[in-house]
There are 2 protein chains.
Amino acid sequence: MDKRREATRTAIIEAAWEVVREQGLAALTLRAVAERVGMRAPSLYSHFDSKNAIYDAMFGEAWSTYEALPDATDVPVQPRAALRARARRYVDFAVADLARHQLMNLRLIHGFTPSAESYAPAVRVLDRLREFCVSIGLDPGADVDLYTALLAGLVDQQWANDPGGDRWTRQVDRAVEMFADAVGLPKESP
Amino acid sequence: MDKRREATRTAIIEAAWEVVREQGLAALTLRAVAERVGMRAPSLYSHFDSKNAIYDAMFGEAWSTYEALPDATDVPVQPRAALRARARRYVDFAVADLARHQLMNLRLIHGFTPSAESYAPAVRVLDRLREFCVSIGLDPGADVDLYTALLAGLVDQQWANDPGGDRWTRQVDRAVEMFADAVGLPKESP
DNA sequence: GTCTATAGTTTGATAGAC
DNA sequence: GTCTATCAAACTATAGAC
C-alpha cells in the first residue's frame, strides 16, 4: 500500500544516478539529488537513513539490473560462443556507465560497504558464472579468476584511456578466444 | 642553490604519499600534509600553487620511479622470459601501493589532469614497452593493448577482491603464457 | 512528509604581520 | 617562508514547525 512512498524512493534513486553520471560517483551530494527530485535535502531523510543508504540502494539496483539481463546463453550453444556472448554482455554493460561500473566493481567510496541485502545479487551473478564455467569444463577457481581479470582489464583500460571509444572493447572476442585456447576449450565446429 | 627549498618540497611530497597511503588517494588534505611536515596548511602555498600541483608532482614522481626501476631485460633473454619478467615487475609495482597505482593509472581525482611535464615519464614508459614488443615481433597497437589490459585486470581484481593477498597476482606467469601463445611467440627452448 | 533553520565540520585558499 | 586569522563555500545531519 506504500505505492506513493515507493515511487518517491525510486525517483530519488533515479535522480542519484543522474547526478553520479554527470558529476562522478564520489561527487554525489544530497542537495543535488534533492534539487533534481524537487525537494530539499533534509527531506531525503524521510526515505533514506543516510547518504550511504542511497549508495547502497544504487549498488543493489545495479547488480539486480545486470542479473536480470536477458540470458544470452539460455539456448544451448557451443562453449566458446557462449563464453563470448557472456563476455560481450558483461563488457557492454560495464562500458555503458562509468559511475555504475565503479560502484559495482570498485571500492572507491570511502566508508561505504554494501549491505548483505544489496550484495546478494552480486553474489548470485558470480555463482552463476562459476556454474556455467564448470558446465563447460573449467575450474571454478583459477580459471574464473583469470577470466574475470581479463574482462576487468579490458573495461578499465577502455575507461581510463579511451572513454567513449572502442580501442579495448573491440578486442573482447579476441581475448575470449585467447582464454578459451589457454583453458583447452574445444575449437568451434562450423 | 635552492637545496633547502628542494628538500622542503621533497618532504612535502613524501608526507603527501604517507597521507594517501593511510587515508586513500582522494582523502588528501593540505592540513594533513602540513601537520606531518611540521607546518601549517597555508605555508604549503610557498612551495605548491595548489593542491592539484601536489597531486601533479606525485604523479610525475611515481612514473619516474617506475621508469627508473632496474631493467629486468637488459640482458638479452628469450622473448617469453623477458615478457614474463616485465609483467612481474609491473604487477609487483602496482600491487605494492594502491594509492600510487590509482594515481598513475586511473582518473579518480575529479578535476586533476597531469601536466605535460609530469606526464612525460609515463609516455616514455609506454614507448619503451612498444619498442620492446616490436623487437620480439608483436604489433605495437592491438597486441600491446591486449597485454596492458591483461595486466591491468590482474592488478585491479587483486586490489578490489583480495587486497594484500595473491589470488590474482599468482596467475601472472600463466597469463603471460596465454598471451604469448595467442600472439604466436616461439615456445621456450630449454 | 516536507519544510526552514541551523548545528557542526571540513575544506582550499588568501591577507597580512613578522 | 612561515605564521595567525579568516574567508567563503561546501557538506551531512538533526530539531522542530507545519
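Residue numbering restarts at 1 for every chain, and letters A, B, ... go by the order of the sequence lines.
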Closest listed nucleotide, where the reference is the side chain of B:T29 and the choices are C:dT11, D:dC3, C:dC3:
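Nearest to the side chain of B:T29 among the choices is C:dT11.
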Nearest 0.5 Å, what's the CD1-CG distance between B:I54 and B:L30?
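Between atom CD1 of B:I54 and atom CG of B:L30 there are 5.5 Å.
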Go through residues 2-16 of chain B and report each residue with a non-hydrogen atom lying under 4.0 Å from DNA chain C, sorted by number.
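Nothing qualifies; none.
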Filter on side-chain hydrogen bond (donor to acceptor under 3.5 Å, both in side chains), then keep only pairs touching residues 37-47 of chain A, sequence neighbours left out; what's left?
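Matches after skipping sequence neighbours: none remain.
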According to the side-chain hydrogen bond (donor to acceptor under 3.5 Å, both in side chains) rule, which pairs have a member within residues 134-143 of chain B, sequence neighbours left out?
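Counting only pairs at least two positions apart or across chains, the side-chain hydrogen bond (donor to acceptor under 3.5 Å, both in side chains) contacts touching residues 134-143 of chain B are A:R174-B:D143.
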Mutual orientation of the aromatic rings belonging to B:F59 and B:Y119 [parallel < 30°, tilted 30-60°, perpendicular > 60°]:
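Answer is parallel, since the angle falls under 30°.
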May I ask you to evaluate whether A:S43 reaches the phosphate of C:dG1, defined as a side-chain N or O under 4.0 Å from OP1 or OP2?
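False: A:S43 side-chain N/O out of range (4.0 Å or more) of C:dG1 OP1/OP2.
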Salt bridge (Lys or Arg N to Asp or Glu O under 4.0 Å) partners of A:R124, counting only residues at least two apart:
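Listed in chain order: A:E67.
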May I have the distance from [X] (atom [atom1]) to [N] (atom [atom2]), rounded to whole angstrom?
| X | N | atom1 | atom2 | result |
| --- | --- | --- | --- | --- |
| B:I109 | C:dT11 | CD1 | P | 14 Å |
| B:R40 | C:dG12 | CZ | P | 16 Å |
| A:I54 | D:dT12 | CD1 | P | 9 Å |
| B:L44 | C:dT14 | CG | C1' | 14 Å |

Bend angle of the helix from C:dG1-D:dC18 to C:dC18-D:dG1 from five-pair axes at both ends, rounded to 10°?
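It comes to 10° between the two terminal axes.
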Among residues at least two apart in sequence or on other chains, which ones pass side-chain hydrogen bond (donor to acceptor under 3.5 Å, both in side chains) with [X]?
| X | answer |
| --- | --- |
| A:R128 | none |
| A:D162 | A:Q158 |
| B:K3 | none |

Show me the pairs that pass ring pair (Phe, Tyr, Trp, His ring centres under 6.0 Å) and involve residues 160-190 of chain A, at least two apart or across chains.
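For residues 160-190 of chain A, and leaving out neighbouring residues, the ring pair (Phe, Tyr, Trp, His ring centres under 6.0 Å) pairs sorted by first residue read A:Y147-A:F179.
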Just grab all the ring pair (Phe, Tyr, Trp, His ring centres under 6.0 Å) pairs involving residues 1-23 of chain B, residues at least two apart or on different chains.
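Applying ring pair (Phe, Tyr, Trp, His ring centres under 6.0 Å) to every pair that reaches into residues 1-23 of chain B, excluding sequence neighbours, yields nothing.
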For A:L28, report the nucleic acid contact type (base, sugar-phosphate, nothing); a contact means any heavy atom under 4.0 Å.
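Sugar-phosphate contact only - A:L28 comes under 4.0 Å of backbone atoms but never of a base.
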Per-nucleotide protein contact along nucleotides 13-18 of chain D, 5' to 3', at a 4.0 Å heavy-atom cut-off (B base, S sugar-phosphate only, - neither), is BB----
If a pair satisfies salt bridge (charged side-chain N to carboxylate O under 4.0 Å, His left out) and one of its residues is in residues 19-37 of chain A, list it, with sequence neighbours excluded.
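The answer is A:E14-A:R21, A:E18-A:R36, A:R21-A:D97, A:E22-A:R36.
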